[in-house]
Amino acid sequence: MNKTQAEADATLYARAVETLARRLNMGIRDFDAAYGGLNVVGESLLDDGVLNQALPSNPPRGWVHSSNLQDAADLWNGNNKAEAAFWNAGNTRLEEQFPETAGYSVFVNQSAIEHIKNNHSNAESDAKRGQTAITDEDISRITYIVSNYDAIASEPIKGTNNRRFAFAKQFDDGLIVYLADSSKKRRDLRTVSMWKYPQSANAQDVLQHAVSLALTPEAEGGISHDSNSTPNADANQDILYQGGADRGMFSREHNLIALLKNADASTFVHELGHFFLETNTRIARDLTAKPAENLTEQERQFLSDVQTTLDWFGVKDLAAWDAMSLNEQRENHEKWARGFEAYLYEGKAPSEELRGVFRRFRSWLKQVYQSLKSLNVELTDEVRSVFDRMFASDE
(Lines give C-alpha, C1' and ligand atoms only; values in the text may rest on other atoms or scores of the structure.)
Protein backbone atom coordinates (compact mmCIF):
# COMPACT_ATOMS: atom_id res chain seq x y z
CA MET A 1 0.00 0.00 0.00
CA ASN A 2 1.45 3.37 -1.01
CA LYS A 3 1.17 6.62 0.92
CA THR A 4 -1.62 8.03 -1.29
CA GLN A 5 -3.81 4.97 -0.77
CA ALA A 6 -3.12 4.87 2.98
CA GLU A 7 -4.12 8.54 3.27
CA ALA A 8 -7.32 7.92 1.28
CA ASP A 9 -8.18 4.95 3.52
CA ALA A 10 -7.60 7.10 6.61
CA THR A 11 -9.74 9.92 5.20
CA LEU A 12 -12.59 7.52 4.46
CA TYR A 13 -12.54 6.10 7.99
CA ALA A 14 -12.14 9.49 9.68
CA ARG A 15 -14.98 11.09 7.74
CA ALA A 16 -17.34 8.21 8.57
CA VAL A 17 -16.51 8.39 12.28
CA GLU A 18 -16.95 12.16 12.31
CA THR A 19 -20.33 11.83 10.60
CA LEU A 20 -21.48 9.03 12.92
CA ALA A 21 -20.46 10.99 16.00
CA ARG A 22 -22.24 14.10 14.75
CA ARG A 23 -25.43 12.14 14.05
CA LEU A 24 -25.36 10.93 17.64
CA ASN A 25 -24.46 14.38 18.98
CA MET A 26 -21.22 12.99 20.41
CA GLY A 27 -17.63 14.17 20.38
CA ILE A 28 -15.04 11.99 18.63
CA ARG A 29 -13.39 10.96 21.92
CA ASP A 30 -16.74 10.02 23.44
CA PHE A 31 -17.65 8.08 20.31
CA ASP A 32 -14.36 6.14 20.40
CA ALA A 33 -14.82 5.41 24.08
CA ALA A 34 -18.32 4.08 23.49
CA TYR A 35 -17.74 2.11 20.29
CA GLY A 36 -13.98 1.61 20.11
CA GLY A 37 -11.55 2.92 17.55
CA LEU A 38 -10.46 0.83 14.58
CA ASN A 39 -7.15 -1.05 14.77
CA VAL A 40 -5.30 -1.96 11.58
CA VAL A 41 -2.39 -4.40 11.44
CA GLY A 42 -0.35 -5.87 8.63
CA GLU A 43 3.11 -5.60 7.19
CA SER A 44 1.88 -3.23 4.51
CA LEU A 45 1.01 -0.66 7.17
CA LEU A 46 3.67 -1.26 9.82
CA ASP A 47 7.00 0.53 9.90
CA ASP A 48 10.20 -1.03 11.21
CA GLY A 49 9.81 0.55 14.61
CA VAL A 50 6.48 -1.20 15.19
CA LEU A 51 7.71 -4.54 13.90
CA ASN A 52 10.66 -4.51 16.25
CA GLN A 53 10.33 -5.68 19.82
CA ALA A 54 9.39 -2.98 22.31
CA LEU A 55 12.53 -2.31 24.33
CA PRO A 56 12.98 0.01 27.34
CA SER A 57 15.64 1.98 25.47
CA ASN A 58 13.54 2.42 22.32
CA PRO A 59 9.79 2.05 22.93
CA PRO A 60 7.31 2.66 20.10
CA ARG A 61 5.81 6.13 20.05
CA GLY A 62 3.11 6.49 22.69
CA TRP A 63 4.23 3.40 24.65
CA VAL A 64 5.58 3.42 28.18
CA HIS A 65 8.02 0.86 29.55
CA SER A 66 6.75 -0.20 32.94
CA SER A 67 8.72 -1.22 35.98
CA ASN A 68 5.63 -0.75 38.13
CA LEU A 69 2.53 -2.92 37.90
CA GLN A 70 0.47 0.17 38.73
CA ASP A 71 0.99 1.42 35.15
CA ALA A 72 -1.50 -1.11 33.79
CA ALA A 73 -4.05 -0.15 36.44
CA ASP A 74 -3.51 3.49 35.52
CA LEU A 75 -4.34 2.69 31.88
CA TRP A 76 -7.56 1.10 33.13
CA ASN A 77 -8.46 4.07 35.34
CA GLY A 78 -7.54 6.69 32.75
CA ASN A 79 -4.65 8.00 34.85
CA ASN A 80 -2.14 7.03 32.17
CA LYS A 81 -2.74 8.39 28.66
CA ALA A 82 -0.09 6.19 27.00
CA GLU A 83 -1.14 4.03 24.07
CA ALA A 84 0.31 0.95 25.77
CA ALA A 85 2.36 -0.24 28.72
CA PHE A 86 4.89 -3.06 28.32
CA TRP A 87 7.20 -5.15 30.47
CA ASN A 88 10.42 -7.01 29.68
CA ALA A 89 10.56 -9.19 32.79
CA GLY A 90 11.76 -12.75 32.22
CA ASN A 91 9.06 -15.42 31.91
CA THR A 92 11.09 -18.50 32.86
CA ARG A 93 8.21 -20.99 33.13
CA LEU A 94 6.75 -19.94 29.79
CA GLU A 95 10.14 -20.11 28.10
CA GLU A 96 10.71 -23.63 29.40
CA GLN A 97 7.42 -24.83 27.87
CA PHE A 98 7.62 -22.66 24.74
CA PRO A 99 11.30 -21.89 24.03
CA GLU A 100 10.40 -19.57 21.14
CA THR A 101 9.04 -17.06 23.68
CA ALA A 102 12.48 -16.50 25.25
CA GLY A 103 12.99 -12.80 25.90
CA TYR A 104 9.45 -11.85 24.89
CA SER A 105 7.97 -8.67 26.32
CA VAL A 106 4.33 -8.43 27.44
CA PHE A 107 2.10 -5.49 26.63
CA VAL A 108 -1.41 -4.20 27.14
CA ASN A 109 -2.76 -1.38 24.99
CA GLN A 110 -5.76 0.92 25.18
CA SER A 111 -7.71 -1.23 22.72
CA ALA A 112 -7.39 -4.30 24.96
CA ILE A 113 -8.31 -2.21 28.01
CA GLU A 114 -11.46 -0.98 26.28
CA HIS A 115 -12.40 -4.48 25.17
CA ILE A 116 -12.04 -5.92 28.66
CA LYS A 117 -13.93 -3.00 30.17
CA ASN A 118 -16.77 -3.31 27.69
CA ASN A 119 -17.11 -7.08 27.90
CA HIS A 120 -15.79 -8.31 31.25
CA SER A 121 -16.14 -5.61 33.89
CA ASN A 122 -19.90 -5.54 34.48
CA ALA A 123 -20.84 -7.50 37.59
CA GLU A 124 -24.41 -8.16 36.45
CA SER A 125 -23.67 -9.44 32.94
CA ASP A 126 -20.60 -11.37 34.10
CA ALA A 127 -22.64 -13.13 36.78
CA LYS A 128 -24.98 -14.46 34.06
CA ARG A 129 -21.94 -16.15 32.49
CA GLY A 130 -20.79 -17.58 35.80
CA GLN A 131 -17.96 -15.05 36.00
CA THR A 132 -17.03 -12.06 38.13
CA ALA A 133 -16.09 -8.57 37.00
CA ILE A 134 -12.51 -7.65 36.09
CA THR A 135 -11.07 -4.71 38.05
CA ASP A 136 -8.02 -2.46 37.86
CA GLU A 137 -6.29 -4.73 40.38
CA ASP A 138 -6.71 -7.68 38.00
CA ILE A 139 -5.18 -5.69 35.13
CA SER A 140 -2.15 -4.93 37.31
CA ARG A 141 -1.64 -8.70 37.76
CA ILE A 142 -0.89 -9.42 34.08
CA THR A 143 2.88 -9.88 34.30
CA TYR A 144 2.55 -11.86 37.54
CA ILE A 145 0.07 -14.21 35.84
CA VAL A 146 2.40 -14.78 32.87
CA SER A 147 5.36 -15.45 35.16
CA ASN A 148 3.51 -17.52 37.78
CA TYR A 149 0.56 -19.19 36.07
CA ASP A 150 -1.04 -22.28 37.59
CA ALA A 151 -1.99 -23.76 34.21
CA ILE A 152 -1.62 -22.86 30.55
CA ALA A 153 -3.22 -23.82 27.22
CA SER A 154 -2.20 -22.78 23.74
CA GLU A 155 -3.36 -23.09 20.14
CA PRO A 156 -1.61 -22.02 16.92
CA ILE A 157 -3.18 -19.08 15.11
CA LYS A 158 -3.82 -20.52 11.67
CA GLY A 159 -2.05 -18.85 8.79
CA THR A 160 0.67 -17.40 11.04
CA ASN A 161 3.71 -18.52 13.02
CA ASN A 162 2.13 -17.22 16.20
CA ARG A 163 0.10 -18.73 19.02
CA ARG A 164 -2.76 -17.78 21.30
CA PHE A 165 -2.06 -18.45 24.97
CA ALA A 166 -4.55 -18.81 27.81
CA PHE A 167 -3.02 -18.48 31.28
CA ALA A 168 -4.91 -19.39 34.46
CA LYS A 169 -3.97 -18.14 37.92
CA GLN A 170 -5.84 -18.64 41.18
CA PHE A 171 -6.06 -15.65 43.55
CA ASP A 172 -7.85 -15.17 46.85
CA ASP A 173 -10.69 -13.38 45.06
CA GLY A 174 -11.07 -15.72 42.07
CA LEU A 175 -9.52 -17.56 39.12
CA ILE A 176 -8.28 -15.30 36.32
CA VAL A 177 -7.93 -16.46 32.72
CA TYR A 178 -5.66 -14.15 30.73
CA LEU A 179 -5.49 -14.37 26.91
CA ALA A 180 -2.52 -13.17 24.87
CA ASP A 181 -1.27 -13.57 21.30
CA SER A 182 2.40 -14.08 20.54
CA SER A 183 4.26 -12.31 17.73
CA LYS A 184 7.55 -13.75 16.51
CA LYS A 185 8.30 -10.58 14.57
CA ARG A 186 7.86 -8.24 17.53
CA ARG A 187 8.93 -10.87 20.08
CA ASP A 188 6.10 -10.07 22.44
CA LEU A 189 2.79 -11.17 23.91
CA ARG A 190 -0.18 -8.88 23.15
CA THR A 191 -3.02 -8.74 25.65
CA VAL A 192 -6.24 -9.97 24.02
CA SER A 193 -8.70 -10.39 26.89
CA MET A 194 -9.15 -11.34 30.51
CA TRP A 195 -11.92 -13.24 32.31
CA LYS A 196 -12.46 -14.01 35.97
CA TYR A 197 -14.24 -16.94 37.60
CA PRO A 198 -15.24 -17.56 41.22
CA GLN A 199 -12.49 -19.01 43.40
CA SER A 200 -14.17 -22.43 43.31
CA ALA A 201 -13.45 -22.79 39.57
CA ASN A 202 -10.83 -25.31 38.47
CA ALA A 203 -8.02 -24.00 36.28
CA GLN A 204 -7.74 -27.10 34.08
CA ASP A 205 -11.50 -27.29 33.59
CA VAL A 206 -11.79 -23.75 32.23
CA LEU A 207 -8.51 -23.37 30.35
CA GLN A 208 -8.97 -25.43 27.22
CA HIS A 209 -12.52 -24.19 26.96
CA ALA A 210 -11.20 -20.64 27.20
CA VAL A 211 -8.57 -20.90 24.48
CA SER A 212 -10.94 -22.77 22.15
CA LEU A 213 -13.78 -20.32 22.77
CA ALA A 214 -11.45 -17.44 22.05
CA LEU A 215 -10.80 -18.84 18.59
CA THR A 216 -14.40 -19.62 17.63
CA PRO A 217 -16.42 -17.37 15.31
CA GLU A 218 -18.88 -16.23 17.95
CA ALA A 219 -16.19 -15.21 20.44
CA GLU A 220 -13.45 -13.84 18.23
CA GLY A 221 -15.69 -12.47 15.53
CA GLY A 222 -13.29 -13.02 12.66
CA ILE A 223 -14.68 -12.09 9.23
CA SER A 224 -12.29 -12.28 6.33
CA HIS A 225 -12.08 -10.62 2.96
CA ASP A 226 -13.64 -13.21 0.74
CA SER A 227 -16.26 -12.58 -1.89
CA ASN A 228 -17.15 -16.24 -2.36
CA SER A 229 -15.77 -17.96 0.73
CA THR A 230 -16.83 -20.88 2.86
CA PRO A 231 -15.99 -21.42 6.54
CA ASN A 232 -12.71 -23.11 7.28
CA ALA A 233 -13.14 -26.76 8.22
CA ASP A 234 -11.30 -26.30 11.50
CA ALA A 235 -14.05 -25.66 14.08
CA ASN A 236 -11.70 -23.63 16.27
CA GLN A 237 -10.89 -21.13 13.52
CA ASP A 238 -12.85 -18.47 11.72
CA ILE A 239 -10.36 -17.26 9.13
CA LEU A 240 -11.71 -17.43 5.60
CA TYR A 241 -9.65 -17.33 2.46
CA GLN A 242 -10.28 -16.08 -1.04
CA GLY A 243 -9.18 -18.58 -3.64
CA GLY A 244 -6.72 -20.06 -1.15
CA ALA A 245 -4.91 -16.72 -0.77
CA ASP A 246 -4.87 -14.59 2.36
CA ARG A 247 -6.07 -11.02 1.73
CA GLY A 248 -7.57 -9.65 4.90
CA MET A 249 -9.79 -10.28 7.90
CA PHE A 250 -11.83 -8.35 10.42
CA SER A 251 -12.13 -9.23 14.11
CA ARG A 252 -15.31 -7.72 15.47
CA GLU A 253 -14.31 -8.44 19.07
CA HIS A 254 -11.26 -6.20 18.77
CA ASN A 255 -12.39 -3.81 15.99
CA LEU A 256 -9.29 -5.00 14.15
CA ILE A 257 -8.53 -5.20 10.45
CA ALA A 258 -5.62 -7.41 9.43
CA LEU A 259 -4.16 -6.80 5.97
CA LEU A 260 -2.56 -10.11 5.03
CA LYS A 261 0.15 -11.00 2.55
CA ASN A 262 -2.06 -10.83 -0.55
CA ALA A 263 -3.96 -7.67 0.37
CA ASP A 264 -4.84 -5.42 -2.56
CA ALA A 265 -6.51 -2.06 -3.07
CA SER A 266 -9.92 -3.54 -2.25
CA THR A 267 -8.97 -5.24 1.02
CA PHE A 268 -9.13 -2.33 3.45
CA VAL A 269 -12.46 -1.03 2.19
CA HIS A 270 -13.99 -4.53 2.22
CA GLU A 271 -12.94 -5.07 5.85
CA LEU A 272 -13.97 -1.50 6.68
CA GLY A 273 -17.44 -2.47 5.46
CA HIS A 274 -17.54 -5.23 8.10
CA PHE A 275 -16.46 -2.69 10.74
CA PHE A 276 -19.21 -0.27 9.72
CA LEU A 277 -21.92 -2.93 9.84
CA GLU A 278 -20.86 -4.04 13.32
CA THR A 279 -20.62 -0.45 14.54
CA ASN A 280 -23.99 0.51 13.06
CA THR A 281 -25.77 -2.40 14.71
CA ARG A 282 -24.07 -1.71 18.04
CA ILE A 283 -25.23 1.90 17.91
CA ALA A 284 -28.74 0.77 16.96
CA ARG A 285 -28.90 -1.51 20.02
CA ASP A 286 -28.07 1.43 22.24
CA LEU A 287 -30.62 3.66 20.57
CA THR A 288 -33.43 1.10 20.82
CA ALA A 289 -32.78 0.94 24.56
CA LYS A 290 -33.73 4.61 24.86
CA PRO A 291 -37.36 5.80 25.13
CA ALA A 292 -38.59 6.53 21.61
CA GLU A 293 -39.76 10.01 22.60
CA ASN A 294 -36.20 10.89 23.64
CA LEU A 295 -34.66 10.11 20.27
CA THR A 296 -33.51 12.97 18.07
CA GLU A 297 -34.48 13.18 14.41
CA GLN A 298 -30.94 12.13 13.48
CA GLU A 299 -31.14 9.11 15.77
CA ARG A 300 -34.47 8.07 14.29
CA GLN A 301 -32.98 8.35 10.82
CA PHE A 302 -30.06 6.21 11.93
CA LEU A 303 -32.40 3.47 13.17
CA SER A 304 -34.30 3.70 9.90
CA ASP A 305 -31.01 3.24 7.99
CA VAL A 306 -30.18 0.13 10.00
CA GLN A 307 -33.65 -1.26 9.27
CA THR A 308 -33.14 -0.49 5.56
CA THR A 309 -29.93 -2.52 5.77
CA LEU A 310 -31.73 -5.43 7.43
CA ASP A 311 -34.54 -5.25 4.86
CA TRP A 312 -31.87 -5.55 2.16
CA PHE A 313 -30.62 -8.68 3.90
CA GLY A 314 -34.13 -10.10 4.24
CA VAL A 315 -33.88 -10.01 8.06
CA LYS A 316 -36.99 -8.90 9.95
CA ASP A 317 -35.42 -6.56 12.51
CA LEU A 318 -32.48 -5.97 14.83
CA ALA A 319 -33.71 -8.52 17.35
CA ALA A 320 -33.77 -11.18 14.63
CA TRP A 321 -30.27 -10.17 13.53
CA ASP A 322 -28.95 -10.38 17.10
CA ALA A 323 -30.49 -13.83 17.51
CA MET A 324 -28.33 -15.13 14.64
CA SER A 325 -24.87 -16.60 15.14
CA LEU A 326 -21.97 -15.07 13.22
CA ASN A 327 -22.03 -17.98 10.79
CA GLU A 328 -25.72 -17.30 10.18
CA GLN A 329 -24.96 -13.61 9.66
CA ARG A 330 -21.95 -14.28 7.46
CA GLU A 331 -23.63 -14.27 4.05
CA ASN A 332 -25.19 -10.88 4.71
CA HIS A 333 -22.03 -9.54 6.34
CA GLU A 334 -20.21 -10.35 3.10
CA LYS A 335 -23.06 -8.86 1.05
CA TRP A 336 -22.72 -5.59 2.96
CA ALA A 337 -18.91 -5.53 2.58
CA ARG A 338 -19.15 -6.20 -1.15
CA GLY A 339 -21.92 -3.61 -1.32
CA PHE A 340 -19.61 -1.04 0.25
CA GLU A 341 -16.96 -1.88 -2.36
CA ALA A 342 -19.60 -1.49 -5.09
CA TYR A 343 -20.67 1.87 -3.64
CA LEU A 344 -17.07 3.13 -3.84
CA TYR A 345 -16.60 1.54 -7.28
CA GLU A 346 -19.49 3.67 -8.57
CA GLY A 347 -17.48 6.68 -7.39
CA LYS A 348 -20.44 8.99 -6.66
CA ALA A 349 -19.31 11.01 -3.66
CA PRO A 350 -22.04 12.25 -1.27
CA SER A 351 -20.24 15.57 -0.79
CA GLU A 352 -17.94 17.90 -2.71
CA GLU A 353 -15.26 17.38 -0.08
CA LEU A 354 -15.03 13.65 -0.80
CA ARG A 355 -15.20 13.82 -4.59
CA GLY A 356 -11.44 13.44 -5.08
CA VAL A 357 -11.20 10.56 -2.62
CA PHE A 358 -14.07 8.70 -4.26
CA ARG A 359 -12.47 9.15 -7.69
CA ARG A 360 -9.31 7.50 -6.37
CA PHE A 361 -11.19 4.56 -4.91
CA ARG A 362 -13.10 4.06 -8.16
CA SER A 363 -9.80 3.99 -10.06
CA TRP A 364 -8.17 1.54 -7.63
CA LEU A 365 -11.17 -0.80 -7.49
CA LYS A 366 -11.43 -0.87 -11.30
CA GLN A 367 -7.87 -2.23 -11.30
CA VAL A 368 -8.96 -5.07 -8.99
CA TYR A 369 -12.35 -5.94 -10.49
CA GLN A 370 -13.08 -6.15 -14.20
CA SER A 371 -16.55 -4.74 -13.65
CA LEU A 372 -19.16 -4.15 -10.99
CA LYS A 373 -20.60 -7.56 -11.85
CA SER A 374 -17.48 -9.15 -10.36
CA LEU A 375 -18.64 -8.04 -6.91
CA ASN A 376 -21.82 -10.11 -7.24
CA VAL A 377 -24.00 -7.60 -5.43
CA GLU A 378 -26.81 -5.28 -6.50
CA LEU A 379 -27.27 -2.02 -4.66
CA THR A 380 -30.65 -0.38 -4.28
CA ASP A 381 -31.12 3.39 -4.15
CA GLU A 382 -32.19 3.03 -0.51
CA VAL A 383 -28.96 1.26 0.41
CA ARG A 384 -26.91 3.82 -1.53
CA SER A 385 -28.58 6.50 0.60
CA VAL A 386 -27.61 4.61 3.75
CA PHE A 387 -23.98 4.61 2.60
CA ASP A 388 -24.26 8.30 1.65
CA ARG A 389 -25.42 9.23 5.15
CA MET A 390 -22.44 7.42 6.62
CA PHE A 391 -20.23 10.13 5.13
CA ALA A 392 -22.39 13.25 4.83
CA SER A 393 -25.58 14.71 6.24
CA ASP A 394 -28.66 14.96 4.04
CA GLU A 395 -28.04 18.69 3.80
Side-chain angles (χ1 to χ4, degrees), residues 9-40 78 81 110-111 113-119 121-122 125 221 223 250-257 268-269 271-313 315-322 329 332-333 336-337 339-340 343-344 349-354 357-358 382-395:
D9 288 342
T11 298
L12 199 67
Y13 167 71
R15 184 54 189 269
V17 169
E18 289 168 3
T19 303
L20 276 172
R22 188 165 57 248
R23 293 177 75 179
L24 300 174
N25 197 29
M26 299 174 70
I28 297 297
R29 287 183 179 275
D30 290 337
F31 181 88
D32 277 346
Y35 299 106
L38 179 65
N39 300 292
V40 182
K81 301 302 182 183
Q110 292 285 2
S111 177
I113 291 289
E114 287 302 317
H115 164 72
I116 297 169
K117 271 190 172 182
N118 291 339
N119 294 277
S121 68
N122 183 285
S125 57
I223 303 171
F250 169 68
S251 168
R252 66 179 184 179
E253 183 179 5
H254 304 295
N255 275 353
L256 182 142
I257 289 174
F268 178 79
V269 294
E271 305 306 338
L272 190 62
H274 288 308
F275 167 79
F276 286 145
L277 179 56
E278 283 297 316
T279 301
N280 288 354
T281 53
R282 286 179 63 194
I283 293 170
R285 288 184 202 105
D286 290 344
L287 292 180
T288 54
K290 296 171 63 174
E293 61 271 18
N294 292 347
L295 294 176
T296 67
E297 183 177 347
Q298 287 269 48
E299 290 171 337
R300 289 193 199 90
Q301 179 64 67
F302 187 90
L303 286 175
S304 176
D305 286 345
V306 171
Q307 186 58 53
T308 296
T309 302
L310 296 174
D311 290 342
W312 190 45
F313 295 163
V315 176
K316 180 181 178 181
D317 53 26
L318 187 61
W321 176 256
D322 288 342
Q329 294 175 351
N332 286 317
H333 237 297
W336 171 269
F340 184 54
Y343 170 73
L344 293 174
S351 69
E352 182 67 31
E353 177 188 1
L354 289 173
V357 173
F358 271 58
E382 291 79 11
V383 172
R384 287 188 184 90
S385 294
V386 170
F387 284 129
D388 282 344
R389 279 188 288 272
M390 284 169 49
F391 297 98
S393 66
D394 285 331
E395 290 77 13

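All residue numbers in this chain count up from 1 along the given sequence.
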Listed partners of D388 passing salt bridge (charged side-chain N to carboxylate O under 4.0 Å, His left out), at least two apart: none

Verdict with supporting geometry, Y343 and F358, ring-ring contact (aromatic ring centres under 6.0 Å, His included): CA-CA 10 Å; Y343 170 73; F358 271 58; 5.6 Å; yes

Within-4.5 Å side-chain heavy-atom neighbours: I257 and Y13: no

L310 and F313, any side-chain heavy atoms less than 4.5 Å apart: yes

Pairwise distance CZ(F387) to CH2(W336) - rounded to 0.5 angstrom: 4.0 Å

Shortest non-hydrogen contact between F391 and P350, atoms and distance: CB-CG, 3.9 Å

Parallel, tilted or perpendicular: rings of H333 and H274 (30°, 60°): tilted

Side-chain (R23) to main-chain (R389) donor-acceptor, under 3.5 angstrom: yes

Test item: T308 side-chain N/O and S304 main-chain N/O as donor-acceptor pair under 3.5 Å: yes

Test side-chain hydrogen bond (donor to acceptor under 3.5 Å, both in side chains) applied to E352 - qualifying residues, sequence neighbours left out: R355

Any side-chain heavy-atom pair of L277 and F250 under 4.5 Å: no

Spacing of CG belonging to L20 relative to CD1 belonging to I283, to within rounding of 0.5 Å: 4.5 Å

Min side-chain heavy-atom separation N25-T296 under 4.5 Å: no

Side chain to side chain, L12 and L354, heavy atoms closer than 4.5 Å: no

Inter-residue atom distance F276.CZ - T281.OG1, 0.5 Å rounding: 13.0 Å

Distance (rounded to the nearest 0.5 Å) between F302 CZ and D286 CG: 10.0 Å

Closest non-hydrogen atom pair between M26 and A34, with its separation: CE-CB, 4.0 Å

Donor-acceptor contact present, side-chain Q307 to main-chain K316, <3.5 Å: yes

With sequence neighbours excluded, residues passing salt bridge (charged side-chain N to carboxylate O under 4.0 Å, His left out) with E353: R15

Side-chain heavy atoms of W321 within contact of N332, under 4.5 Å: yes

Any side-chain heavy-atom pair of L287 and L24 under 4.5 Å: yes

Results of side chain to side chain contact (heavy atoms under 4.5 Å, CB included) for S125 - residues two or more places apart only: N122

Sole candidate of N280, L318, V386 that passes side-chain contact (heavy atoms from CB on, under 4.5 Å) when paired with T309: V386

Over all atoms of both residues, closest heavy-atom pair of A292 and R300: O-NH2, 4.0 Å

Salt bridge (charged side-chain N to carboxylate O under 4.0 Å, His left out) partners for K117, two or more places apart: none

Trace of the side-chain contact (heavy atoms from CB on, under 4.5 Å) decision for L303 with L295: CA-CA 10 Å; L303 286 175; L295 294 176; 3.8 Å; yes

Side chains of L272 and D9 in contact at under 4.5 Å (non-hydrogen atoms): no

Set of salt bridge (charged side-chain N to carboxylate O under 4.0 Å, His left out) partners for E297, sequence neighbours left out: none

Between OG1 on residue T288 and NZ on residue K290, distance to nearest 0.5 Å: 10.5 Å

